[in-house]
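Letters A, B, ... mirror the listed sequences (proteins, then strands); counts begin at 1. Every value quoted in this text rests on a predicted model; they were computed, and no experiment measured them.
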Protein chains: 2
Amino acid sequence: MRNRNTAPRKPRTPAQGAGSPQRPRHREGGGYARGEHTRRRLLDAGIELFAELGYERASTRAIARRAGVSLPALQYYFGGKEGLHRACAEYITEDVRARLGPAAERVRMALGRDDLTRAELLDLLRAVVEPFLEGLAMERPESWALFFARAQGEQNAAFDAIFQQIGGRLLTLVAEIIGRILARPAASPEVAIRAVIIVGQLTLVRRARPLILRALGWPDFDGERLQTLKEVIWRAIASSLR
Amino acid sequence: MRNRNTAPRKPRTPAQGAGSPQRPRHREGGGYARGEHTRRRLLDAGIELFAELGYERASTRAIARRAGVSLPALQYYFGGKEGLHRACAEYITEDVRARLGPAAERVRMALGRDDLTRAELLDLLRAVVEPFLEGLAMERPESWALFFARAQGEQNAAFDAIFQQIGGRLLTLVAEIIGRILARPAASPEVAIRAVIIVGQLTLVRRARPLILRALGWPDFDGERLQTLKEVIWRAIASSLR
DNA sequence: CCAATTTTCTATCGATTGATATAAATCTGT
DNA sequence: ACAGATTTATATCAATCGATAGAAAATTGG
């Protein structure tokens, strides 16, 4: 009935600085076991629901409920909804990066030789592209890939972080291999465009997932069908590089 | 202060049947000039804001404000937010269909011959693919393509309608041409997948636009650069079909 | 066991959302 | 100009949202 404050307040913005409020105020050295547990539960529930419903539809209440914790716990650990979302993105990014890193490093080493045949270069491309396709889009819980797709579609701040960590490295690596195959400088527009196209094709598997499934009349990507999909995509990529 | 109704109401669901409440209650034969005008304004504003912010973030108030009409006008003409969204999808769909239709018909006629060479088939593919690329992704306001992308990402009901009207036809047509080129049945998974990939590549130009620009170090797609982009994409598509 | 810290819970706030009731304003056909 | 239909505008509703206050409960080190 009565307003305590006549000035128009903005309670939607977090009280803490806009920097990174996701860490609670507890001491650095601290870290109770129970706290870390609910923190993890919130991350899992957040990834699931953000992926399932998108950022807006996933309410903090629903996330807290699925995590089995109370609503203020979300504020306490992540500073707010946006903080949780960013934390989810970082959580996923770190895992994918760890998964993609070794393969990328091996490929980068192999690229040191300058007498690689076309077949060898194609193998290298596959070596860097396949873990990406499997890791990001398939192996991990579907919610992870969906989270990524949502972040990209919604143009969240989370997308920038994810892209710079993963997409950027992948793109430069792919461009380098393609440049070799096409015998053009990796920095040339043609090579860069084709690198983007190829990487884009992979993400398409997730982004246009409902479209693909419906076009094929498939209920889902499972087992053999997934194998077929990967094989066809790869053949298309390989045959396009001449 | 006091509730008029003790029973828990659900005012979020539209009062009319869930069927298609977007048409106002005015007589069929009616149709005042002024009404049609604000109806169109709401459609334009809806497409813009749905594309800009996504379905959830685009509030009915913001849409009405941008359209320059009052809030209840939205309810009056489209029965509610969901109705407006569906109407926007149909509006876009109808335009694209009209734009795509003639070319598709011509290609379908040409496909009647069964002695087409590879080069001729590639020309046909380009004839059906280029209007799509130009019409949906370039010529029309960016918001249209964004609206489409959002609908797919959010798995809205609008996506179903759009897909069946446009995506379906385009895909089956492309699949038919590709099937001929690859000498495989158009209904085979391999051909269907490659059709999806090719069509998807085209939409990438819009959807991954910031990504492409950043990778190329270009400030924007203008004139010659756009031509280069199209040419590279097309060469990649053509050379992948062997 | 105790004091300090960390974690959780209940209750509630203010803002915004989609939708509606209701009446005034506008337009159409006669 | 008038009656009836159509269109617009004002004011408000109930629900839900993210966030917070403040106290209770739990955990830790001493």
> Are side-chain heavy atoms of A:P219 and A:R225 found at a separation under 4.5 Å?
Replying inline: yes
> Any side-chain heavy atom of B:R39 within less than 4.5 Å of one from B:F78?
Replying inline: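 They are in contact (side-chain heavy atoms under 4.5 Å apart), so the answer is yes.
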>> Tell me if a side-chain donor or acceptor on A:R41 pairs with a main-chain N or O of A:A67 at a distance below 3.5 Å.
In response: yes
> Do side-chain atoms of A:K81 reach the backbone of A:L74 as a donor and acceptor pair under 3.5 angstrom?
Replying inline: no
> Which one, D:dA19, D:dT10, C:dT10, comes nearest to the side chain of A:P72?
Replying inline: C:dT10
> Nearest to the side chain of A:T60, which nucleotide is it out of D:dA19, C:dA11, D:dA9?
Replying inline: D:dA19
>> Quick check on D:dT7: is either OP1 or OP2 less than 4.0 Å from any side-chain nitrogen or oxygen of B:T38?
In response: no
>> Quick check on C:dT8: is either OP1 or OP2 less than 4.0 Å from any side-chain nitrogen or oxygen of A:S70?
In response: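 For C:dT8, OP1/OP2 do not have a side-chain N/O of A:S70 under 4.0 Å.
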In this structure, how many angstroms lie between the [atom2] atom of [N] and the [atom1] atom of [X], rounded?
X: A:Q75; N: C:dT12; atom1: CD; atom2: P; answer: 18 Å
X: A:K81; N: D:dT16; atom1: NZ; atom2: C1'; answer: 11 Å
X: B:I63; N: C:dA19; atom1: CD1; atom2: P; answer: 10 Å
X: B:L74; N: C:dG18; atom1: CG; atom2: P; answer: 9 Å
X: B:F78; N: C:dT20; atom1: CZ; atom2: P; answer: 16 Å
X: A:E36; N: C:dT7; atom1: CD; atom2: P; answer: 9 Å
X: B:R57; N: C:dT16; atom1: CZ; atom2: C1'; answer: 14 Å
X: A:Y55; N: D:dC17; atom1: OH; atom2: C1'; answer: 12 Å

>> Is it the case that the side chains of A:R86 and A:Y91 hold a donor-acceptor pair, with the cut-off being a distance below 3.5 Å and no angle test?
In response: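 Judged by distance alone, the side chains do not pair up.
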>> So A:L71, base contact, sugar-phosphate only, or nothing? Heavy-atom distance under 4.0 Å.
In response: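 Contact class for A:L71: base.
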> What nucleic acid atoms does B:A58 come within less than 4.0 Å of, heavy atoms only: base, sugar-phosphate, or nothing?
Replying inline: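 B:A58: backbone/sugar contact only, no base atoms under 4.0 Å.
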